[in-house]
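When reading the values below, keep in mind they use all heavy atoms of this one structure, side chains included, and skip hydrogens, waters and symmetry mates. In what follows, chains carry the letters A, B, and so on, assigned in the order in which the sequence lines appear, proteins first and then strands, with residues in each chain numbered from 1.
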Amino acid sequence: MSKKKLVMIGNGMAGVRTIEDMLKIAPEAFEITIFGNEPHPNYNRIQLSTVLQGDTTVEDIIMNSWEWYRDHDIQLFTNEAIVKIDSEAKKVISDKGRKVVYDELIIATGSSSFILPIPGADKKGVTGFRDIQDCEMMIKTAKEYKRAAVIGGGLLGLEAARGLLNLGMEVDVIHLMPHLMERQLDPTASNMLKEELEAQGMNFIMEKQTTEILGDERVTGLRFSDGKEIAADLVVMAVGIRPNVQVASESGIYVNRGIVVDDYMQTSMPNVYAVGECAEHREMVYGLVAPLYEQGKVLATKLCGVETKPYEGSIVGTGLKVSGVDLFSAGEIDDDPKTKSIKVHNEFDGVYKKVIIRDNKISGIVLYGDTKDSSRLFRMLLKKEDVSGMTSVSILESGCCGGGESSDVATMAADEIVCGCNGVTKGTIVEAIQTKDLTSVEEVGSCTNAGRSCGRCKSLISDILAHTLGDKYDVAAKKTALCGCTTLSRDEVVAEIKQKGLTSVKEVMNVLGWKQEEGCTKCRPALNYYLGMILQDQYTDDRDSRLVNEKMHANIQKDGTYSVIPRMYGGVTSAQDLKKIAEVAEKYDVPLVKLTGGQRIGLYGVSKEDLPSVWEDLGMQSGYAYGKTLRTVKTCVGAKFCRYGTQDSMGLGIELEKKFERLDTPHKVKMGVSACPRNCAESGIKDFGVVGIDGGWELYVAGNGGTDLRAGDLFATVKTKDEVIELIGAFLQYYRENANYLERTSTWVERVGLDHVKEVLADEQTRKALNDRLDKTLEKYNEPWSETIENKEIKDKYYQKRDVPVLV
Amino acid sequence: MKKTLLTEYQSLPERVGQVFRVDGVEIVLFRLSNGEVRAIENRSPHPKGGILSEGLVSGEFVYCPVYDLKISLTDGKVQAPDEGQVKIFSVERDNDQVFIVK
């Protein structure tokens with residue numbers, strides 16, 4: 001039997017999910033062609049706001065890699081839009097003139113941002129918030145400009161606004177209505193949300209209609225209907241979405257707001273279907289992922305010739321992905337004479353809950369500040385459960401004592417949906433837990449997809465784990481055990497090493513009864529660190545218990561090549577070193593030479609077998625840009641050249657880097673030295689940040705510019721640089737001795753408290769003892785690159801690839 | 001079935017992968033702590049690809065150095081909760097000589 005030809009217009013979440021569902025039911029039935037007008041494979045559009053907010057990268061939100069399309073023999077044309085469907089000849093024609101014949105055609109063109117039709121909307125700096133390109137444009141703009149205006153105080157607008165704040169912009173949110181998210185929240189919850197977001201730095205301009213975008217080529221501001229104006233360098237339109245129906249309507253398919261489909265997603269044209277945000281079903285166009293996946297499932301089943309229940313529409317719940325805001329809403333929002341509602345408003349804790357009940361059934365939910373009950377209430381709403389026998393307390397409180405929660409999970413039917421986004425049932429999750437020995441929410445996610453889109457159901461998954469595994473699932477215990485190989489916590493392991501005098505990774509695992517005899521990627525590097533920390537200069541490092549970067553003394557790139565970043569103390573270099581770097585880059589045809597964030601030069605794309613000779617030709621030392629150790633000490637020019645500089649920042653920076661380089665630490669450590677409070681070396685977001693002031697230095701600690709963005713705390717103000725070095729040494733050693741492996745100073749200080757550390761280090765004797773242990777430890781290190789160059793055994797063991805001649 | 005001589009057993013360090021280029025394919029030999037030798041293709045089954053030779057070796061398993069998948073060196077299977085399969089080669093030893101058979 002020859003395969004049917006399936007063509008899909010659109011390469012987004014709903015469409016590709018439909019294809020995935022089809023491949024599961026009938027993997028060999030179709031020859032599939034997909035056209036997408038973006039240059040990317042299918043990505044998780046819901047997570048765009050987290051990309052904008054800096055929590056993930058574009059790479060991380062790709063859901064189907066290029067290989068996925070290849071592995072399933074799917075012909076994918078990206079950057080190519082379909083301009084015409086010829087229903088007579090059953091073929092589609094692309095904007096590049098390509099013609100492809102179909103037996104069945106799916107339209108999954110999604111939607112676009114609705115751009116207000118007002119003067120100036122086409123100016124540079126005006127964008128929607130819908131795709132990766134919009135996101136990249138905003139990120140780029142934020143680097144050059146300062147003032148952003150977001151038009152629309154709905155879900156998308158607020159997520160965009162939060163992202164722009166994270167990018168360092170000043171953000172005005174303009175909203176036409178008196179309340180934010182008025183379609184999801186009642187006035188009380190809306191006001192609470194507004195207060196929280198104002199505290200986060202958003203500025204709201206309510207009840208204003210934008211009538212014109214000002215500026216010449218580029219936007220400079222907005223004008224409202226009352227004649228008032230504000231300044232803006234970037235305007236994000238987030239007033240709604242518009243289904244992409246053009247190609248359908250021009251090809252003669254019946255279109256209303258969206259492409260009109262029946263309960264099996266069939267359009268008015270034979271063999272043509274529509275799914276996702278472009279489709280209109282029973283006068284509803286959905287913009288959230290769960291209903292779109294439900295549609296996809298119905299369509300996939302039907303196309304594969306299997307009988308299926310019709311799609312009958314969805315009730316949707318909404319959350320907001322903004323840190324510090326916990327809200328959920330579904331169904332009705334406002335009371336009317338026929339509804340009765342249960343309300344709890346705890347102003348002190350900032351919690352508001354409203355459950356609207358109509359005819360003894362839940363018809364609406366608004367939760368703010370505490371959304372633990374959301375999955376359960378939403379399920380009761382969907383199932384139209386009769387609540388007349390329940391007390392208001394049992395409706396609202398899922399039980400803070402635990403018992404309530406598990407019985408709640410226990411009474412769930414196996415076919416009940418837990419993860420609405422991905423349509424995963426309780427039964428599927430329980431089966432996966434039992435057959436695949438899963439023990440964590442993350443594992444359930446990677447096995448079943450549950451919890452991987454919006455993440456709202458994670459607490460419910462955790463409850464199901466607890467219920468299924470019983471005593472074996474101990475949330476607290478799981479958190480503290482070093483890894484799955486042992487039940488011992490970090491502190492217990494460290495105590496055992498000291499008490500029993502253990503001296504090697506192997507011995508620790510042996511004596512302490514490791515379940516997996518030779519350990520895993522979590523415990524081996526951690527044990528190697530703890531042993532080195534405890535035994536100081538007496539410990540022989542176990543190189544093979546280090547992970548790839550530290551083992552190879554270079555940073556592995558995704559294609560298996562490495563980056564080489566030589567030490568450049570304090571970011572100060574010389575003509576001679578620059579020449580050497582240039583020569584090496586040329587000689588080895590290095591694909592990328594880049595200035596790093598730590599004021600150095602990186603050579604990227606060096607193959608492993610070239611590493612030793614690259615290092616030899618450079619004749620420079622390792623910059624340890626790959627290690628859990630001191631990375632760099634960033635410095636500003638300082639008093640030597642700068643007219644504002646009050647101190648020799650370069651001098652101190654170089655001294656610090658020379659003293660502490662190569663030291664193993666629980667996680668990477670970054671330092672910065674600025675010569676004045678203008679802080680050009682960004683001392684405020686370093687593990688150790690030093691700021692020169694007139695007649696002295698300020699020392700900031702536990703700052704972080706990365707995942708856990710945190711401003712450093714002022715630890716001390718001292719007169720001399722020797723005092724700075726002594727304090728950093730003591731602090732660093734105390735951190736080395738007490739933090740968990742892979743715990744940055746920022747999270748460590750948050751955990752133990754800055755006052756506690758201050759108290760310990762206030763004592764001069766303690767500081768001296770810490771510094772003594774640190775200095776002793778520092779004695780053991782050798783420069784790793786020169787060690788490799790001189791040692792053939794190391795070269796052969798780690799850096800060779802052998803060619804095997806093929807005998808013919 | 002073709003036997004290809006790769007190297008001498010003595011040249012294989014314990015628990016550190018060694019890469020051999022055979023016919024345009026990279027094959028990694030792992031000498032385990034029990035003395036056995038295993039051979040797999042130097043290609044991570046993760047959708048984003050990558051290599052396996054620099055992975056941490058534990059017993060009969062290697063961990064993908066970039067994505068931390070746990071891979072059996074006996075049958076090439078990626079361990080739960082992840083999924084996937086790495087190509088493995090059978091290894092034969094004749095005194096000090098190590099061959100792969102394919």
Side-chain angles (χ1 to χ4, degrees), chain A residues 59 62-68 71 432-433 435-440 442-448 485 506 509 514 516-525 543-549 551-552 554 556-562 608-609 793 796-807, chain B residues 2-8 11-34 42-70 78-84 98-100:
Chain A
E59 280 265 285
I62 299 290
M63 299 178 79
N64 300 79
S65 65
W66 301 106
E67 285 81 13
W68 178 83
D71 291 348
I433 294 171
T435 56
K436 297 185 175 169
D437 291 332
L438 310 182
T439 54
S440 71
E442 287 66 36
E443 287 174 357
V444 171
S446 40
C447 246
T448 64
C485 302
K506 198 175 164 186
M509 297 191 295
W514 243 236
Q516 177 165 284
E517 227 173 285
E518 294 181 22
C520 70
T521 47
K522 305 266 179 316
C523 58
R524 289 254 300 270
R543 185 162 180 170
D544 297 327
S545 284
R546 289 180 181 265
L547 299 186
V548 55
N549 292 346
K551 181 163 73 175
M552 302 299 285
I556 194 165
Q557 308 296 309
K558 63 179 189 180
D559 60 352
T561 64
Y562 289 85
K608 115 171 165 177
E609 59 274 31
E793 203 183 313
D796 287 350
K797 189 169 172 186
Y798 295 103
Y799 301 101
Q800 68 168 334
K801 277 189 185 174
R802 310 186 219 181
D803 283 304
V804 177
V806 180
L807 304 172
Chain B
K2 202 173 101 187
K3 256 168 84 167
T4 311
L5 172 65
L6 290 196
T7 187
E8 287 96 49
S11 77
L12 294 175
E14 206 174 272
R15 296 201 296 182
V16 176
Q18 295 296 307
V19 181
F20 295 84
R21 281 185 278 231
V22 187
D23 246 350
V25 177
E26 287 198 356
I27 294 171
V28 198
L29 291 188
F30 291 100
R31 175 171 162 181
L32 311 180
S33 38
N34 63 10
N42 194 15
R43 193 165 160 239
S44 173
H46 190 275
K48 290 184 186 171
I51 49 116
L52 296 173
S53 46
E54 272 81 81
L56 183 138
V57 182
S58 169
E60 288 272 1
F61 299 94
V62 64
Y63 289 83
C64 165
V66 180
Y67 304 108
D68 206 31
L69 307 172
K70 184 179 179 183
V78 176
Q79 305 296 296
D82 302 300
E83 286 176 0
V98 180
F99 301 85
I100 53 153

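The shortest distance between side-chain heavy atoms of A:K558 and B:K48 does not fall below 4.5 Å. The closest side-chain heavy-atom distance from A:Y562 to B:E54 is below 4.5 Å. Under the 4.5 Å side-chain criterion, counting only non-hydrogen atoms from C-beta, B:S53 is not in contact with A:K801. Residues B:D68 and A:K522 form a side-chain contact, since some pair of their non-hydrogen atoms from C-beta on lies under 4.5 Å apart. Residues A:D544 and B:V57 form no side-chain contact, since every pair of their non-hydrogen atoms from C-beta on lies 4.5 Å or further apart. Put simply, the side chain of B:L56 reaches to within 4.5 Å of the side chain of A:L547, judged on heavy atoms.
B:P13 touches chain A through its side chain: at least one heavy atom from C-beta onward sits under 4.5 Å away, while N, CA, C and O do not. For B:E14, the part lying under 4.5 angstrom from a heavy atom of chain A is the backbone only. For B:V28, no part sits under 4.5 Å from any heavy atom of chain A, backbone or side chain. Looking at A:D796, only its backbone comes within 4.5 Å of chain B, counting heavy atoms on both sides. For a residue to count as touching a neighbouring chain, one of its non-hydrogen atoms must lie under 4.5 Å from one of that chain's; by this rule B:D23 touches chain A with backbone and side chain alike. In this structure, chain A has a heavy atom under 4.5 Å from the backbone of B:L5, while its side chain stays farther away. With a 4.5 angstrom heavy-atom cutoff, B:S44 does not touch chain A via any of its atoms. Only the side chain of A:E609 comes within contact range of chain B, judged by heavy atoms closer than 4.5 Å.
In this structure, CD1 on B:I27 lies 13.0 Å from CZ on A:R802, to the nearest 0.5 angstrom. Atom OG of B:S58 and atom CZ of A:R524 lie 6.0 Å apart (nearest 0.5 Å).
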Open item on the list: Go through it in stages, so that I can follow the logic: the residues are B:I51 and A:I556, the test is side chain to side chain contact (heavy atoms under 4.5 Å, CB included), and I'd like the CA-CA distance, side-chain angles, deciding distance and then a yes or no.
Closed with: CA-CA 10 Å; B:I51 49 116; A:I556 194 165; 3.7 Å; yes
Open item on the list: Run the side chain to side chain contact (heavy atoms under 4.5 Å, CB included) test on A:K608 and B:V19 for me, step by step, so that the C-alpha distance in whole Å, both residues' side-chain angles and the decisive distance to 0.1 Å come before the verdict.
Closed with: CA-CA 11 Å; A:K608 115 171 165 177; B:V19 181; 3.6 Å; yes
Task: Full working for side chain to side chain contact (heavy atoms under 4.5 Å, CB included) between A:E517 and B:S33 - done: CA-CA 11 Å; A:E517 227 173 285; B:S33 38; over 6 Å; no
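Although no hydrogens or angles enter the test, the distance criterion places no donor-acceptor pair under 3.5 Å between the side chain of B:R15 and the main chain of A:S545. In this structure, B:Q18 contributes its side chain and A:K797 its backbone to a donor-acceptor pair below 3.5 Å.
In terms of heavy-atom pairs under 4.5 Å with chain B, the best-connected choice from A:G560, A:C520, A:G445 is A:C520.
Across every non-hydrogen atom of A:K551 and B:G55, the tightest pair is NZ-O, 3.7 Å. Closest heavy-atom contact between A:S65 and B:P47: OG-CB, 3.8 Å. Minimum heavy-atom separation, A:G519 to B:Y63: O-OH, 4.0 Å.
The environment of B:R21 atom CZ is dense: over 12 non-hydrogen atoms of other residues, nucleotides or ligands sit within 6.0 angstrom.
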